[in-house]
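Chain letters run A, B, ... following the sequence lines, proteins first, then strands; residues in each count from 1.
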There are 2 protein chains.
Amino acid sequence: MDSEIALALRNKGCKLTPQRKAIIEVLSGSEEHLTAADIFARLRDKQPGIGLVTVYRTLELLQENGLLCEVHIGNSCRSYLKRRSDGHHHHLICRGCGRVVDFTGCELDSLQKRLSQETGFKIEKHLLEFMGCCSSCLDGRED
Amino acid sequence: MDSEIALALRNKGCKLTPQRKAIIEVLSGSEEHLTAADIFARLRDKQPGIGLVTVYRTLELLQENGLLCEVHIGNSCRSYLKRRSDGHHHHLICRGCGRVVDFTGCELDSLQKRLSQETGFKIEKHLLEFMGCCSSCLDGRED
DNA sequence: TATTAATTGAAAATTATTTTCATTTAACAT
DNA sequence: ATGTTAAATGAAAATAATTTTCAATTAATA
């Protein structure tokens, strides 16, 4: 029973290898954002022979196909998260536990239009992330 | 006649070395966002003996003191820009020439409050950047 | 079951960043 | 002006992150 992400990948004509399945499983099973190295570490048991290169390549592939989200705020610069919301959304990230909450309603469209008009830019994308500390981490004095 | 950034740095009790001045000059003279390596390359003439380490260290120092802005969208993950707007502002970045336009009025405060209430997070910061192509780059078919 | 293009892993290469440490120097006080 | 000193520098090495190369393997299809 392959995950939605896995199926989407096969629909794009990509091979569904055990390595890819394992990487997708790790991402699917996590509410945190994970770097390539994080994912690699979590694969030690499930898929011992896997190479870090494959993790990088798979992340790139999934990213290209819009099957996961890239997170920029945080310790390491780039980390990844399964895509949980279909539409346009953004992230609120806990710096304590790494948990990510999706949110919509950024209402940046009107801002984007305004900026476009004022500057003559053709705006292609935007990056919006909030970072803070979630209530469990606040309670646990992981502050 | 030292720049505002340089003076601010000295007011913080930091030494105003020729290396730091040169780095600040490069940043001050650029409307693009620059990586440590970019800055290092531009110092070849002005300050030939300088080490890349010093560039890294100076960027960190300036960043710590809020004297420049960090940019995340782009080829390399982290690059820097002189701080041109005093208050809270964000960036619109041209992926063609790297030129950065500051803008205000993101109106994320109300969104931030809403998110805080809905999630129980203590929100500490946010990252908002727009990326696109500026009119000159559009004209020049650098598209 | 055979075929084949896609995928993998190992190793090396590249790039980015940080640490260490001996030497130099800006800022300040004579 | 000159001496003092903590801060800053540069070289080199260490570490970390990412990409490339290439021969071997394998998932998907016929």
Side-chain angles (χ1 to χ4, degrees), chain A residues 1-3 5-26 33-44 46-65 67-68 70-80, chain B residues 1-3 5-26 33-44 46-65 67-68 70-80:
Chain A
M1 184 185 63
D2 293 326
S3 81
I5 301 179
L7 294 175
L9 205 56
R10 204 168 55 186
N11 284 341
K12 303 258 182 185
C14 301
K15 289 185 182 177
L16 216 46
T17 65
Q19 291 91 337
R20 286 180 176 171
K21 282 189 200 175
I23 292 167
I24 291 169
E25 258 182 66
V26 168
H33 57 115
L34 303 170
T35 62
D38 290 336
I39 294 169
F40 183 62
R42 295 185 184 205
L43 287 168
R44 283 274 152 70
K46 202 186 299 269
Q47 201 68 216
I50 199 171
L52 180 55
V53 218
T54 300
V55 178
Y56 274 107
R57 282 190 285 227
T58 302
L59 287 173
E60 194 187 0
L61 180 74
L62 293 171
Q63 166 81 47
E64 276 169 4
N65 288 289
L67 298 172
L68 47 75
E70 200 172 313
V71 170
H72 277 258
I73 284 181
N75 329 326
S76 314
C77 212
R78 266 188 285 174
S79 53
Y80 299 89
Chain B
M1 185 185 64
D2 293 326
S3 81
I5 301 178
L7 294 175
L9 204 56
R10 204 168 54 186
N11 284 341
K12 304 257 180 183
C14 301
K15 291 185 182 176
L16 217 45
T17 64
Q19 292 90 338
R20 286 180 177 172
K21 282 189 200 176
I23 292 168
I24 291 168
E25 259 183 65
V26 168
H33 58 115
L34 303 170
T35 63
D38 290 337
I39 294 168
F40 183 63
R42 295 184 184 206
L43 286 168
R44 284 274 151 68
K46 203 187 297 268
Q47 201 69 215
I50 199 172
L52 180 54
V53 219
T54 301
V55 178
Y56 273 106
R57 282 191 284 226
T58 302
L59 287 174
E60 194 187 1
L61 181 74
L62 293 171
Q63 166 82 46
E64 275 169 3
N65 288 288
L67 298 171
L68 46 76
E70 201 172 314
V71 170
H72 278 257
I73 283 181
N75 330 326
S76 313
C77 212
R78 267 189 285 174
S79 52
Y80 299 91

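Each end of the helix from dT1(C)-dA30(D) to dT30(C)-dA1(D) gets its own rotation axis from five pairs of C1' atoms, and the angle between them is 40° to the nearest 10 degrees.
With rounding to whole Å, Glu60(B) atom CD is found 9 Å from dT18(C) atom C1'. Straight-line distance from the CD1 atom of Ile39(A) to the C1' atom of dT18(D): 14 Å, rounded to whole Å. Counting to the nearest Å, the P atom of dT18(D) and the CG atom of Asp38(A) are 11 Å from each other. Atom CZ in Phe40(A) sits about 14 Å away from atom P in dT18(D), given to the nearest Å. Leu61(A) has its CG atom 11 Å from the C1' atom of dA6(C), to the nearest Å. The interatomic distance linking Ile50(B) (CD1) with dT25(C) (C1') rounds to 15 Å, in whole Å. For Gln47(A) and dT26(D), the CD to C1' distance is 13 Å, given to the nearest whole Å. Straight-line distance from the CG atom of Leu52(B) to the P atom of dA16(C): 9 Å, rounded to whole Å.
Considering only the side chain of Val53(A), dG9(C) comes nearest among dA11(D), dG9(C), dT17(C). Candidate nucleotides dG9(C), dA17(D), dT17(C) were compared by shortest atom distance to the side chain of Tyr56(A), and dA17(D) ranks first.
Scanning for side-chain contact (heavy atoms from CB on, under 4.5 Å) contacts around Glu25(B) gives Lys46(B), with sequence neighbours left out. Every residue two or more places apart in sequence or in another chain that forms a side-chain hydrogen bond (donor to acceptor under 3.5 Å, both in side chains) with Glu70(A) is listed here: His72(A).
Nearest heavy atoms, Ala22(A) versus Gln47(A): CB-NE2, 3.9 Å. Across all their heavy atoms, Tyr80(A) and Leu68(A) have their closest contact at CD2-CD1, 3.4 Å.
In this structure, CG in Leu67(B) is found 7.5 Å from CD1 in Ile24(B), a value given to the nearest 0.5 Å.
DNA chain D lies under 4.0 Å from at least one heavy atom of each of the following residues of residues 9-21 of chain B: Cys14(B), Lys15(B), Thr17(B), Gln19(B), Arg20(B).
A salt bridge (charged side-chain N to carboxylate O under 4.0 Å, His left out) check over residues 5-17 of chain A, counting only residues at least two apart or in different chains, returns nothing.
Contact check for Val26(A) versus Ile23(A): no side-chain heavy atoms found under the 4.5 Å cut-off.
A donor-acceptor distance shorter than 3.5 angstrom exists from the side chain of Asp38(B) to the backbone of Thr35(B), with no hydrogens or angles considered.
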Distance-only donor-acceptor hits, side chain of residues 52-64 of chain B, under 3.5 Å, sequence neighbours excluded:
residue, atom, partner, partner atom, Å
Thr58(B), OG1, Thr54(B), O, 2.8

